[in-house]
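Okay, structure first, notes after.
Here the structure is a predicted model, which is why all the values come from computation and not from measurement. In what follows, chains are A, B, ... by sequence order, proteins preceding strands, each numbered from 1.
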Amino acid sequence: MKYDFTAIEKKWQAIWEETKPYAAVTGDTTRPKFYGLIEFPYPSGQGLHVGHPRPFTALDIVTRKKRMEGYNVLFPIGFDAFGLPTENYAIKNHIHPAIVTKNNIANFTSQLKMLGYGFDWDRCVDTTDPKYYKWTQWIFLQMYKHGLAYKATMPVNWCTSCKCVLANEEVVDGVCERCGSEVVRKEKSQWMLRITKYAQRLIDDLDDVDYIERVKIQQRNWIGRSTGAEVTFKTNIGGEVTVYTTRADTLFGTTYMVISPEHPMLNEWKDKIKNWDEVEAYQKEAARKSDFERGELNKDKTGVRLDGIEVENPVTHKMLPMFVSDYVLMGYGTGIVMGVPGHDQRDWEFATKFGLPIVEVVAGGDITKEAFVAKDDSAVMVNSGFLNGMTVKEAIPAMKKYVVEQGIGKEKVNYKLRDWVFSRQRYWGEPIPLVNCEKCGWVPLPEDQLPLVLPQVDSYEPTDDGESPLSKMTDWVNTTCPCCGGPAKRETDTMPQWAGSSWYFLRYMDPHNDKELASKEALEYWSPVDWYNGGMEHTTLHLLYSRFWHKFLYDIGVVPTKEPYAKRTSHGMILGEGGEKMSKSRGNVVNPNDIVAQYGADTMRLHIMFIGDFEKAVSWSNEAVKGSKRFLDRCFNLQDMATDDENISAKNESIVHKTIKKVTQDIDELKMNTAIASMMTMVNEFYANGCSKGDVRALCLLLSPFAPHMVEEMWENMGFAAKEGKMAMQMPWPEYDEAKTVDATREMAVQVNGKLKSTITVPSDSEDSVVIDAACADEKVKRLMEGKQLVKTIVVKNKLINLIIK
RNA sequence: GCCGGUGUGGUGGAAUGGUAGACACGGCGGACUUAAAAUCCUCUGAUGCUUGCGUCGUGCCGGUUCGAGUCCGGCCACCGGCACCA
């Protein structure tokens, strides 16, 4: 019988379309639930990339096995369809983004169906559907009402050539991703989300979830918690300034102060600063610089002394000069830093350049050459008054205690995490459902007016002045205030792409609900997501954002769990042949359609899993695909080779049970490559020993999650479908008998003085004495032992014996 | 600079501290064929000789251990992320 994969796959996909074996049933209490989730794709014009099938196939296999194990499985799919590439394509080709999106989704859908994934298509969501984004807008309004959304003036990325605002992701190495022109910072009023309010909980609750460790580490680092102290310094002009430091112990070594050029206090001091012109020029220069110039290129310290301003060091009582310098960031701490050049390299560079005193307060380095930043905290304090002789470890709390007692400071925790810039001056995003009234200020749209639908516009190109294309729609912009009925204007910015994806997994639970984002029953039943797999690139974006939204929804009683995802895993990238990134310019992009056409979807699925460790990057090889196809051919041919016996044959019993055990364990650990290897080993044995119909039946059940089309065809051909009245995928997952995985005899390694010299075959679980006797009886061992004495033996049961001789 | 990760045959990759290289690609040889493809079977880390055995071998240098790809210390290289966060 020939393995005609094209016909087979077409046939079974039609059957599944018709019978919906993947439908999830909300509220089915007869079975445990399992919610498996993959990151829904952005439906780009290029169609499915070979990178997509890797995570999709892995979780498809996991969820198929869960179904066979009796779970009520939710494995949904949808499309994260708002976003710039679609908008740019629409602008270029003069097609409405909604049409582009519709076409792309249709293309993606057919590609995903072509690969035979067990998605519950009836629950498919599309973030650009007003029925969906109604609830994205609703969540935003709840955040607004709870004070988590606010408007603030923020510097944004501005492309000097395109004359438009760019998202951070569009700025690559300081230039515009599209045109390569310089990107500068421009102040704009933006909607912000107060994610920083959740910083501590976003760290703490990582302890309660099962994420792979590198995801947790990356999130913790990104949130960047640090503990330190705020210390207040008195100024010579009657006020005071506060700094944040993690090194309170170095206060005696503070020889100057630095303030950020954006700091509002500078303006307050305008009259007291004698060289204001110079300071103002520096401020302007700093504002003009791009982040790139300010950061990466220009580590050279610059600054201007504030002539007329001095502050008193509260422990040395010396008067210190104050500088403005752009190495101090306004967004972190207090925007003012105490300069400790002896023990901070940046301060050392600044002090060296400006000829400021460098004082050693921690012994152990050579501060004439560079700042001494102790690697451990056991270094000893010097030149530090009451701290002298203490270690850094002792001095930090001692100084904190001191400043608190003196009323000049307090303990303080800081985070690197910033609030989330939530507006985009773009067309293809969710409209922000707020209006600005001259009398009432910002007023939320009443909830019964949601969704606020994107209006049809003639041109969705960004405007010259950086306003959203929606701002040109005066009919839409001008509206009445829901509060006072007076004239008002709509917000014309839209939400970023991350909005719709921050809660989509909730919508899958109840995707057609028009009363709530999802029913209480559905949320209670399906929450949390049991297993979420996605890319590492989303760790500090989507994954963090959606945890934040979910915690907010938990706080207002919408969702039943604190955390959205119980488990998170991450896949490695698929690289091109030779280990390079796949890209159009390199011409090494693999299109899944081509692989499916040539080898079939089952081979594609199997191969993408076999190719290597799921978590690691692997390079694609067109040559190697043949091996996976060859394996499926060999499986398919077993139908004709097998004897009629429907039991597992005695000669294959051991290998079959071993393989069931291995595949069962490996799927749960996402080690699909070794699961497949063990099935290959089993099939090789079938070829060597012959096999029964029962043996092939076991193979079918194990292989079903990997190669569902071919397995159903074999299952039907061999009469199991008729006999069981079920498809293979609906059968219970096979169980193994531990006793049957054990062979009667074992080959054991024999080492002499730790080196492998021979092997012996002994009955399984032999006593040590039996093994030792057998080893000593071995011809090679006898030769080596001639004239020597056996001083020690080490026996590792069923594996190895090591004879130590002298 | 900081935080992760990786380094194993010609190639992709396997190995709870216990026979390194499972499984696969590629290659050699054989069977089948007029022939080729496909399929099936054998062999395939390097090296030496007497073909049975020896020696070497998991980025480099040390250590722990009866035994190290695996653990520890110190390096090197590459990949990813963050980066003037006080």
Can you work out whether Asn221(A) or Ser226(A) has the more 5'-proximal nearest nucleotide on RNA chain B?
Asn221(A)
When the C1' atoms of G69(B) and G18(B) are compared, how many Å lie between them, rounded to an integer?
13 Å
A correct 5'-to-3' footprint of nucleotides 66-74 of chain B, with B, S and - meaning base, sugar-phosphate only and no protein heavy atom under 4.0 Å, is B--------
What integer distance in Å separates Trp222(A):CH2 from C2(B):C1'?
15 Å
Looking for any heavy atom pair under 4.0 Å, which part of the strands does Arg418(A) touch: base, sugar-phosphate only, or nothing?
base
Does the pair Glu623(A)/Arg630(A) count as a salt bridge with the N-to-O cut at 4.0 Å?
no
Given C23(B), A86(B), U55(B), the nucleotide with the shortest approach to the side chain of Val337(A):
A86(B)
Between A86(B) atom P and Met257(A) atom CE, what is the distance in whole Å?
16 Å
Asn684(A) CG to C23(B) C1', in whole Å, measures 8 Å
So which nucleotide from C41(B), C25(B), A22(B) ends up closest to the side chain of Ala624(A)?
C25(B)
So if I take every side-chain heavy atom of Arg214(A) and compare against C41(B), U19(B), G4(B), which nucleotide ends up nearest?
G4(B)
Does CD belonging to Glu767(A) count more than 12 external heavy atoms closer than 6.0 Å?
no
Measure the acute angle between the ring planes of Tyr327(A) and Phe350(A), then classify it against the limits of 30° and 60° as parallel, tilted or perpendicular.
tilted
When you compare A36(B) with U44(B), how far apart are their P atoms, in angstrom units rounded to a whole number?
26 Å
Quote, to the nearest angstrom, the P distance that separates U16(B) from U70(B).
13 Å
Regarding Glu615(A), tell me which of base, sugar-phosphate or nothing describes its non-hydrogen contacts under 4.0 Å with the strands shown.
nothing
Provide, to the nearest angstrom, the distance between the NZ atom belonging to Lys629(A) and the P atom belonging to A24(B).
16 Å
On RNA chain B, does the nearest nucleotide to Glu623(A) precede the nearest nucleotide to Lys780(A) from the 5' side, or the other way round? Give the residue.
Glu623(A)
Report the distance from atom CG of Asp249(A) to atom C1' of A86(B), rounded to the nearest whole Å.
12 Å
Could you pull out the protein-nucleic contacts involving nucleotides 9-17 of chain B (nitrogen or oxygen on both sides, under 3.5 Å)?
residue, atom, partner, partner atom, Å
G12(B), O2', Ile611(A), O, 3.0
A14(B), OP1, Asp613(A), N, 3.3
A14(B), OP1, Asn673(A), ND2, 3.0

Interatomic distance, Ile805(A) atom CD1 to Lys792(A) atom NZ [nearest 0.5 angstrom]
15.0 Å
Pair of N/O donor and acceptor under 3.5 Å linking C82(B) base with Lys416(A) side chain
no
Considering only the C1' atoms, how many Å lie between U19(B) and A14(B), rounded to the nearest integer?
15 Å
Distance, rounded to the nearest Å, where Glu349(A) contributes CD and G1(B) contributes P:
13 Å
Whole angstroms only, please: what is the NZ-P distance between Lys755(A) and C53(B)?
18 Å
Taking the side chain of Tyr687(A) as heavy atoms from C-beta outward, which of C40(B), U19(B), A24(B) is closest to it?
C40(B)
Stem ranges of RNA chain B by first residue number, counting only runs of at least 3 Watson-Crick or G-U pairs under 3.5 Å, come to B:1-7 with B:76-82, B:10-12 with B:23-25, B:29-31 with B:39-41, B:45-49 with B:52-56, B:59-63 with B:71-75
Say we look at C71(B) and U65(B): how far apart would their C1' atoms be, to the nearest angstrom?
10 Å
Going by atom types alone, do Ser226(A) and Asn414(A) pair a side-chain donor with an acceptor below 3.5 Å?
no
Partner of Val750(A) by side-chain contact (heavy atoms from CB on, under 4.5 Å), out of Leu756(A), Ile760(A), Thr759(A), Leu800(A):
Ile760(A)
Starting at CG of Leu417(A) and ending at P of G81(B), how long is that distance when rounded to a whole Å?
19 Å
Among side-chain atoms of Ser654(A) and Asp743(A), is any donor-acceptor pair under 3.5 angstrom?
yes
Side-chain N or O of Arg634(A) less than 4.0 angstrom from OP1 or OP2 on C40(B)?
yes
Indicate, with a heavy-atom threshold strictly under 4.0 Å, whether Ser621(A) touches base, sugar-phosphate, or nothing.
nothing
Take atom P in C3(B) and the same atom in C75(B), then report the distance between them in whole Å.
13 Å
Under the criterion ring pair (Phe, Tyr, Trp, His ring centres under 6.0 Å), which of Trp620(A), Tyr599(A), Phe631(A) is the partner of His607(A)?
Trp620(A)
Using the rule given for salt bridge (Lys or Arg N to Asp or Glu O under 4.0 Å), can you reason through Glu685(A) versus Arg634(A), listing the C-alpha separation, both sets of side-chain angles and the distance that settles it, and then say yes or no?
CA-CA 12 Å; Glu685(A) 291 242 344; Arg634(A) 280 162 70 82; over 6 Å; no
So, taking the atom named CD1 in Ile408(A) and the one named CD in Glu230(A), what distance separates them when rounded to the nearest 0.5 Å?
13.0 Å
Under 3.5 Å, is there a donor-acceptor pair linking the side chains of Tyr3(A) and Thr603(A)?
no
